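Please read these numbers as outputs of a predicted model, since none were measured by experiment. Letters A, B, ... are given to chains in the order of the sequence lines, protein chains preceding strands, and every chain is numbered from 1.
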2 protein chains.
Amino acid sequence: MKDVAAAAGVGLKTVSRVVNEESGVTPETAGRVRAAIEALGFRRNDSARLLRTGRTASVALVLEDISDPFSSAVSRAVEQVAAAQDCLLFTGSSGEQADRERELALAFCARRVDGLIVVPAGDDHRYLLPEIASGTPVVFLDRPAGGIDADVVLSDNAGGARAGVAHLIAHGHRRIGFVGDLPGIHTAVERERGYRTAMAEAGLPVDERWVDRGPTGRARVGEAVRRLTTGPDAVTALFTANNRVTLAALHHLPADRRPAVVGFDDLELADLLTPALTVVAQNPAALGALAAQRLFARLAGDAGAPARLELPTTLIVRGSGEVSP
Amino acid sequence: MKDVAAAAGVGLKTVSRVVNEESGVTPETAGRVRAAIEALGFRRNDSARLLRTGRTASVALVLEDISDPFSSAVSRAVEQVAAAQDCLLFTGSSGEQADRERELALAFCARRVDGLIVVPAGDDHRYLLPEIASGTPVVFLDRPAGGIDADVVLSDNAGGARAGVAHLIAHGHRRIGFVGDLPGIHTAVERERGYRTAMAEAGLPVDERWVDRGPTGRARVGEAVRRLTTGPDAVTALFTANNRVTLAALHHLPADRRPAVVGFDDLELADLLTPALTVVAQNPAALGALAAQRLFARLAGDAGAPARLELPTTLIVRGSGEVSP
DNA sequence: CTGAAAGCGCTTACAG
DNA sequence: CTGAAAGCGCTTACAG
């Protein structure tokens with residue numbers, strides 16, 4: 001910019017005026033400046049501009065894994081809201097590791113992003129307290145923050161699971177298995193709670209051997225569903241509590257002698273399976289959009305108490321959940 | 001930082017030394033500084049630091065749509081390579097619109113990202129010439145740049161399509177339909193070329209009515225496949241040239257009287273369909289990793305001629321492509 | 001209409 | 001071991 005000013009024989013501020021299309025520059029002066037800009041190939045450095053401005057016109061999203069459909073749908077929605085505010089988006093995947101989540105979140109804060117959306121991997125977010133205190137709004141998504149009171153946008157996990165299990169019960173099932181994620185994950189806990197609520201409401205007992213929690217690797221889930229669905233105590237229906245579990249279960253259960261299945265989370269080809277897959281669907285795009293709107297509301301000065309927003313789920317009936325015992 | 005220096009009764013540079021863990025500070029001095037940092041809740045502003053440094057420790061990825069599986073897998077791979085270099089990642093979706101691609105790419109350049117990876121939406125990238133000239137390396141992914149000579153990482157689209165169609169031919173098909181994307185999209189053109197090559201190599205004629213190109217919306221593709229697969233001239237097999245087309249085709253073709261199908265791009269539940277879906281799979285993670293490595297090689301000073309890297313595809317035989325005519 | 005000075009929050013290059 | 005000065009590339013607040 002200094003070079004442009006020198007080449008055009010004007011002051012720095014005049015170049016700034018032309019670049020920012022401010023009024024009050026003679027057409028001739030502006031022309032000289034523009035010619036110099038062209039000749040020197042000058043492009044304004046937005047990072048420098050923003051340093052002076054005090055904002056960075058960027059927000060960051062820490063998610064579990066951008067390559068999974070849930071995360072990427074969230075990301076797209078956040079990006080769209082951010083774009084409407086001329087904000088660029090950083091994304092980073094924690095890989096479900098608390099350390100990495102923290103590292104990413106703090107790195108983004110150190111860049112002074114205007115705001116941060118976090119899909120929690122860890123369960124202690126007090127490390128963000130100084131950042132929040134110094135004015136960086138943080139919104140949590142999919143799972144609430146641990147140890148701090150902050151905005152959060154969630155799906156109705158318990159309600160959704162309850163509806164899915166009630167659906168199985170309505171179709172005559174009494175022995176229903178629950179295959180969940182690692183205990184300690186908020187969504188897993190909530191979905192299990194929904195399962196137990198539905199069973200209790202129907203007056204059905206829950207045999208603890210029907211409830212499986214653990215890593216969602218294919219082999220382990222395969223083992224679990226095989227155990228649940230064989231022997232004299234076999235369940236006649238399965239509620240698989242997230243998409244990885246559902247996928248693993250479908251892979252390990254032969255289609256011809258598969259129990260009734262309702263999964264949490266929709267899958268792209270779910271309607272083309274035989275039978276088509278009945279699911280409790282979340283709306284990741286709506287979660288992302290809502291979280292981003294919350295964030296920008298905070299940036300616009302909203303100083304209300306932290307909000308907890310819960311989005312409903314949808315039971316999509318397609319066939320696999322309507323199989324008789 | 002000024003406040004910390006004042007509070008600790010030291011110079012600015014000493015605070016900088018402590019914050020950056022440089023050597024040559026008395027333990028007592030360092031202690032005083034650390035106490036002041038603690039008391040004031042100071043956090044170094046990395047954006048300001050990077051302005052002085054001349055880098056931004058960030059790279060940007062412009063893709064088609066972060067919410068589709070191809071884009072998000074690419075993104076994850078790029079993120080991992082970038083993280084290994086302590087680089088943060090901006091992502092943005094062009095939505096397949098040339099204008100938006102340009103807007104995003106230039107916005108990232110204005111922020112002075114260290115490097116840029118672009119999945120082209122438009123076919124003229126000369127607008128990036130000044131950016132490249134001023135030292136921002138740009139790597140293209142999935143499709144080559146238009147009008148400029150730059151690094152590009154691609155799948156072997158023609159070779160993959162040729163192998164897929166040859167597979168259908170080997171299973172006895174002679175009338176094979178091709179359902180592709182909009183003409184003008186590089187990958188669509190290449191895949192059609194592979195289709196024609198395979199047909200020609202087998203000495204089979206191509207009836208132009210078997211070749212369909214256009215928007216990949218469900219309704220339009222449904223119409224197209226219905227036309228291709230009915231009547232006296234119906235094809236006995238279909239090569240669907242990308243995942244959206246494949247999905248649309250599967251939705252519109254009744255499973256009981258579906259022709260043989262081979263699709264380009266793998267799908268998550270492809271192996272659980274009846275019959276399971278035979279596909280020509282790309283490796284989006286490998287494309288992303290390779291592009292990112294190329295980018296960091298450029299950043300490390302590699303000044304060689306622009307490279308064109310082509311990754312092989314894999315034919316995954318599962319059933320739908322082995323149906324007899 | 002135009003520009004010199006100060007400053008955003010840091011680091012670099014020196015000097016002591 | 002420590003710090004004052006200059007500067008990264010811009011904008012802000014003034015003055016002319």
Side-chain angles (χ1 to χ4, degrees), chain A residues 1-34 36-37 40-58 86 106-114 130-131 134-136, chain B residues 1-34 36-37 40-58 86 106-114 130-131 134-136:
Chain A
M1 194 147 160
K2 211 161 53 181
D3 297 343
V4 172
V10 299
L12 220 49
K13 177 60 196 171
T14 299
V15 179
S16 177
R17 283 200 182 89
V18 173
V19 169
N20 296 312
E21 296 173 322
E22 287 172 29
S23 61
V25 183
T26 326
E28 298 108 75
T29 317
R32 277 215 318 284
V33 172
R34 265 190 276 272
I37 286 174
L40 275 66
F42 168 80
R43 309 258 173 157
R44 182 181 62 195
N45 181 332
D46 274 348
S47 292
R49 182 174 62 85
L50 290 163
L51 172 63
R52 193 62 180 85
T53 305
R55 312 171 48 236
T56 57
S58 59
D86 283 316
L106 289 178
F108 289 133
C109 288
R111 298 291 177 98
R112 297 293 189 274
V113 293
D114 295 337
E131 315 297 337
S134 75
T136 306
Chain B
M1 193 146 161
K2 210 159 56 179
D3 298 344
V4 172
V10 299
L12 221 48
K13 176 60 196 169
T14 299
V15 179
S16 176
R17 282 200 183 87
V18 173
V19 168
N20 296 311
E21 296 174 320
E22 287 171 29
S23 62
V25 183
T26 327
E28 297 109 74
T29 316
R32 278 215 318 284
V33 172
R34 265 190 277 273
I37 287 175
L40 274 67
F42 168 79
R43 310 256 172 159
R44 182 182 62 195
N45 180 333
D46 273 348
S47 291
R49 183 173 62 83
L50 290 163
L51 173 62
R52 192 64 180 86
T53 304
R55 310 171 50 235
T56 57
S58 59
D86 283 317
L106 290 178
F108 290 133
C109 288
R111 299 292 178 99
R112 296 294 188 274
V113 293
D114 295 337
E131 316 297 338
S134 76
T136 306

Euclidean distance, atom CZ of residue A:R112 to atom P of C:dC10 [Å, nearest integer]: 6 Å

CG on A:L106 to CD on A:E131, rounded to 0.5 Å: 5.5 Å

Within-4.5 Å side-chain heavy-atom neighbours: A:C109 and B:R43: no

Dot-bracket line, read 5' to 3' along DNA chain C, where crossing pairs take [ ] and | marks a partner on another strand, Watson-Crick or G-U under 3.5 Å: |||.||||||||.|||

Touch class at under 4.0 angstrom, heavy-atom based, for A:R43 against every strand present: sugar-phosphate

Closest contact, heavy atoms only, A:D114 versus A:A57: OD2-N, 2.9 Å

Pairwise side-chain contact, A:R111 with A:S58, heavy-atom cut-off 4.5 Å (strictly under): no

Under 4.0 Å protein heavy-atom contact, by nucleotide of nucleotides 11-16 of chain D - B base, S sugar-phosphate only: BB----

For atom NZ of B:K2 and atom C1' of C:dA6, their distance in whole Å: 10 Å

Nearest-0.5 Å distance that lies between atom CG in B:D46 and atom OG1 in B:T56: 11.0 Å

OP1 or OP2 of C:dC10 under 4.0 Å from side-chain N/O of B:S47: no

N/O (side chain, A:T29) to phosphate O (OP1/OP2, C:dC1) under 4.0 Å: no

Residue from B:V33, B:T14, B:I37 passing side-chain contact (heavy atoms from CB on, under 4.5 Å) with B:V19: B:I37

Short side-chain N/O contact from B:T26 to OP1 or OP2 of D:dC1, under 4.0 Å: no

Interatomic distance, A:E28 atom CD to A:R32 atom CZ [nearest 0.5 angstrom]: 8.5 Å

Given A:R44, A:M1, A:R49, the one that forms side-chain contact (heavy atoms from CB on, under 4.5 Å) with A:S16: A:M1

Rounded distance in Å - CG (A:L51) to C1' (C:dA6): 14 Å

